Amino acid sequence: MSKKRKNDAAGNVIRIGDKVISLEGYLTKKPKTEDSRASEPGSDTADAARQQPESSKTDLTPDGTKKSSPSEFVPSRPPAGDPQYFEARKALPLWTRQDEIRRILRQKDVLVLVGETGSGKSTQVPQFLYQEKWCQRRRVRIKPSEGEKAQEVSVGGMIAITQPRRVAATTLAHRVSREAGTPLTGQKGGGDGNGADSKGLVGYSVRFDHRVPAGTKIKYLTEGMLLQELLRDPYLRQYSAIIVDEIHERSVDVDLLSGFLKQIISGDKAGRGGIPLKVVIMSATANVEGIRQFFSTAGPGGSKSNRPQSSVEYLQIEGRQFPVDIIHTPKPVPDIQEALLKTIFKLHTEEALSDKYGRKDILAFLTGQEEIESAQKLIEEYASTLAPGLPKVKVFPLFGQLSMEAQHEAFQPIKGGHTRKIVLATNIAETSVTVPGVRYVIDCGKAKLKQFRSRLGMESLLAKPISKSSAIQRAGRAGREGPGKCYRLYTQETYDSLYDRDLPEILRTDILSAILTMKARGVQDVFSFPLMDPPQPESVEKALLHLHILGALDDNGAITETGRRMVQFPVSPPYARVLLAAAEPKYDCLLEVIDIISCITAGEDIFHQLRTEEAREEVEEYRKELFRREGDLLTYLTTMQLYAAENTDRVKWCKDRKINLRNMKQALNIRKQLRGLCVRQGMMEQQPPDPQPFSPTSPEQASSILKCFLTGFSIKTAILAPDNSYVTSHGKHVIAIHPASVLHGQKKEAIMFLEHVYTQKSYAKKVSVIQAVWIAEALEG
DNA sequence: GAGCACTGC
């Protein structure tokens, strides 16, 4: 006990056996007191809203309190900020470093800042910087490029801060606007300053939601959104600084963004009239050496000139974190479920339900839905045999495909006092959401990982060992509210053998979109584009070839007009190709194709998978009118058409058919966006009115639609072999129709599938019936 | 007979 207390004071450590390991720069976090808690900025507020994304968009503020009316936001002294939040801001570890941060950025263009997620860096750093002199907007003359006149433009004035997720961007913007005491208003689609608006300091921009008040200096946006802006504004002239937050998550978008930023800062700045762009890279984990080096070496083309290298400063913000005891198993466990059960009930029977820090609930990280559901069953069975005097347990599953309400339950304080909460979660709890009350973490050491096999042209989704970084992140979830414990269901040796960090997404995903993104933003030689972790040249070649087949690149590898139109759509290149084809008179099925693509890109699947025979029988009658014998695409189309035509109660409509309401709403949003883009590109006259009465698609139309999809997916086809198995036309792999497909178990002459995933075996998903002759026709173009 | 997590004018 005394040992523990000693470490409480030191903080920022993890104990593994007898060893004490400093967590500096990993998952450290300021201990909360009763006072500081309610108004602590940083990811906690973001986390709070991630748990209820719907409310963050409506009338709830990030911390769940009612939003004040706009009149309360009228700034008295905007630069000074709201005194209500001042004390809490001053208590942040970052606060005392603000002069240092300002000084560094006056001298250098790049700062790499390591600080734990709770340090407040996401909220404070932009507020430290926006009044700096270098942050002012300036009029400059741009040197004319060939055939152009010299022009005067504005450069700078805003700070962009990027986030991997939409909720984080919107929540942080709300938080900072309240701290600053300025309103976060502005029309959707960008603040056009409609007179009555007072000037705001803070704005945000994410897909489907933009609030940029007149006078915005600090703008939160998703990484994808900034990439989008780069398309129109290659020198990011709107901005004086770009803050890249959560870079350790290493999404494809942030890797591309880093490449473009590196090009801008190591270029000659002519495009910005000589005004430098400041870049702040922020990471929650300390293994940023590669990132530092990436930004400190001159980019391609930079080395041949005598230009000085851009200088990079490094700063680590000390953090405080409750200590977390790490307990490894002495021997490898043969059965994860059994080990999990034992650990949970040992904890449950030996440890108190709460202490002075609060609840002491359990969070277990498992690999997927199946594992979670069977574990839940086991735990509930075992719990029913517990002695009557013992506290009860209540199990909450937590994974992405769960309905919003079911997810929400895992975040609520438990009803009935004498009960311990046990949350069984996938990786979703590692980054996307925070479960409150957790003091015990159980880590199975694995996670399911999607990996693209460039050579085979297919993906796999398999459980793989996590990285050390990930294991530390998981353990840290136990120390957010008080001293915690993490039980790893694997040995110390296993931990030592793990990779330090996860493979960045760009090395395990299809880079088709990434390559087209580069091409559209003026990168001619994609092989020499600066990337922190360049993919294998063969993968790049494959992607170039594929883009050429899709008509996005010409024989020289330059982007075509078709390619330029494709990047306008927020969908992957094959889907974009299908959209373009759908507008051609030959196919003439644009509205239908938009409906289908909206359903597909809205989320995992709009149809809830049904576990039991009873559940299936229950929805059978309802779903019968949706299902089409042509396959999944026509089924999606019918579903969207009927959903859009449903005018009385869409919630009930979805419930009856066991359709994911959240994904369906998202699909409708995407449909509207895609229709708007098609109107703008002149592919259709105007958006048709909604709702439209439903009329079933004729077989002829259905054929047109499927042929249209073949323009993007001709290589994803398979023919029925004499032995009744499907064999892909490219690669000659045996493939089975996924059980979630309406065509599962059926034998047809030929099929087209939009996805090819290896799990238990090689599966075709999103499958349609086609004629073998269509394949040859599609390949002829 | 089976479903890690994000994102995009």
Side-chain angles (χ1 to χ4, degrees), chain A residues 50 53 162-169 188-190 205-210 212 221-233 246 249-254 256-257 365-373 397-402 425-433 444 446-451 459-464 466 470 502 505 508-509 513-514 516-517 566-573 575-576 597 601-605 607-613 616 660 666 669-670 672-674 676-677 679-681 736-741 744-745 755 757 759-761 763 765:
Chain A
R50 284 173 195 141
T162 67
Q163 294 294 322
R165 283 168 291 278
R166 291 165 51 194
V167 259
K188 284 202 169 188
S205 185
V206 301
R207 191 182 189 184
F208 308 128
D209 196 3
H210 309 268
V212 187
L221 29 62
T222 47
E223 294 155 354
M225 196 58 79
L226 192 59
L227 275 179
Q228 209 60 41
E229 290 189 359
L230 214 46
L231 207 51
R232 285 169 307 169
D233 180 11
E246 313 277 10
E249 291 192 21
R250 295 296 305 276
S251 66
V252 174
D253 281 355
V254 94
L256 292 176
L257 204 53
F365 285 98
L366 300 174
T367 56
Q369 182 177 348
E370 196 181 341
E371 202 174 82
I372 287 170
E373 281 166 352
L398 182 58
F399 47 87
Q401 269 307 94
L402 225 47
T426 61
N427 248 352
I428 193 171
E430 204 179 300
T431 48
S432 300
V433 298
C444 77
K446 291 190 170 164
K448 274 193 189 166
L449 212 72
K450 208 170 230 182
Q451 194 146 15
E459 298 177 302
S460 65
L461 179 64
L462 300 166
K464 291 274 173 65
I466 59 173
S470 197
D502 293 306
E505 193 189 6
R508 50 180 184 82
T509 197
S513 280
L516 190 58
T517 297
M566 281 164 60
V567 288
Q568 304 293 321
F569 293 103
V571 295
S572 66
Y575 288 118
I597 291 178
T601 58
E604 190 44 37
D605 197 346
F607 294 104
H608 277 127
Q609 47 267 45
L610 304 169
R611 277 188 287 166
T612 63
E613 197 58 51
R616 267 187 293 277
N660 188 321
Q666 172 80 347
N669 266 333
I670 295 171
K672 196 173 151 200
Q673 185 188 29
L674 291 179
L677 288 166
V679 171
R680 200 179 311 169
Q681 288 207 26
I737 296 177
H738 193 274
S741 168
H744 176 67
E755 291 169 16
V757 185
T759 50
Q760 311 270 320
K761 54 181 168 178
Y763 279 119
K765 299 175 87 172

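Bear in mind that the values here come from a model prediction, so they are computed numbers and not experimental data. Values below: all heavy atoms of this structure, side chains included; hydrogens, waters and symmetry mates excluded.
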Chemist: Heavy atoms under 4.0 Å, any strand shown: does A:Arg508 hit a base, just sugar-phosphate, or nothing?
Modeler: nothing
Chemist: Scan A:Phe569 against the nucleic acid and name what it touches under 4.0 Å (heavy atoms): base, sugar-phosphate only, or nothing.
Modeler: nothing
Chemist: Output the rounded distance in Å from CG (A:Leu221) to P (B:dT7).
Modeler: 14 Å
Chemist: What's the CG-P distance between A:Leu230 and B:dG8, to the nearest Å?
Modeler: 16 Å
Chemist: Are a donor atom and an acceptor atom from the side chains of A:Arg680 and A:Gln568 found within less than 3.5 Å of each other?
Modeler: no
Chemist: Taking only N and O in the side chain of A:Thr222, is any of them less than 4.0 Å away from OP1 or OP2 of B:dG8?
Modeler: yes
Chemist: Just wondering, do A:Leu256 and A:Leu230 contact through their side chains at under 4.5 Å, heavy atoms?
Modeler: no
Chemist: Strictly by modelled atom types, are A:Thr431 and A:Glu249 linked by a side-chain donor-acceptor pair under 3.5 Å?
Modeler: no
Chemist: The side chain of A:Ser513 is closest to which nucleotide in this list: B:dG8, B:dC6, B:dG1?
Modeler: B:dG8
Chemist: State which residue, out of A:Leu227, A:Thr509, A:Leu257, fulfils the side chain to side chain contact (heavy atoms under 4.5 Å, CB included) condition with A:Val252.
Modeler: A:Thr509
Chemist: Pick base, sugar-phosphate or nothing for A:Val252, based on heavy-atom distances below 4.0 Å to the nucleic acid.
Modeler: nothing
Chemist: Decide whether A:Thr367 and A:Glu371 meet the rule of one side-chain donor and one side-chain acceptor closer than 3.5 Å.
Modeler: yes
Chemist: Considering heavy-atom distances to DNA chain B, does A:Thr759 or A:Gln673 have its closest nucleotide positioned more toward the 5' end?
Modeler: A:Thr759
Chemist: Quickly work out the A:Gln369 CD to B:dA2 P distance and round it to whole Å.
Modeler: 13 Å
Chemist: Measure from the side chain of A:Pro570, starting at C-beta and using heavy atoms only, and say which of B:dG8, B:dA2, B:dA5 lies closest.
Modeler: B:dG8
Chemist: Please give, in whole Å, the distance from B:dG8 C1' to A:Gln568 CD?
Modeler: 12 Å
Chemist: Excluding sequence neighbours, so at least two apart, what forms salt bridge (charged side-chain N to carboxylate O under 4.0 Å, His left out) with A:Glu370?
Modeler: none
Chemist: Tell me: CG of A:Leu449 to P of B:dC6, nearest whole Å?
Modeler: 14 Å
Chemist: Taking the side chain of A:Ser432 as its heavy atoms from C-beta onward, which of B:dA5, B:dG8, B:dA2 lies nearest to it?
Modeler: B:dA5
Chemist: Assign A:Glu505 to base, sugar-phosphate, or nothing according to its heavy-atom contacts below 4.0 angstrom with the strands shown.
Modeler: base
Chemist: Using a cut-off of 4.0 Å on non-hydrogen atoms, how would the nucleic acid contact of A:Thr426 be classed: base, sugar-phosphate, or nothing?
Modeler: sugar-phosphate
Chemist: Kindly point out which of B:dG1, B:dA5, B:dG8 is positioned nearest to the side chain of A:Arg207?
Modeler: B:dG8
Chemist: How many whole angstroms separate atom CD of A:Gln163 from atom C1' of B:dG8?
Modeler: 16 Å
Chemist: B:dA5, OP1 or OP2 - any side-chain N/O from A:Thr431 closer than 4.0 Å?
Modeler: no
Chemist: Provide, to the nearest angstrom, the distance between the CG atom belonging to A:Leu402 and the P atom belonging to B:dA5.
Modeler: 10 Å
Chemist: Can you tell me how far P of B:dC6 sits from CG of A:Leu257, to the nearest Å?
Modeler: 21 Å
Chemist: Does A:Leu461 reach a base, just sugar-phosphate, or nothing at all? Heavy atoms under 4.0 Å.
Modeler: base
Chemist: Where the side chain of A:Ile428 is concerned, which of B:dT7, B:dA5, B:dG8 is the nearest nucleotide?
Modeler: B:dA5
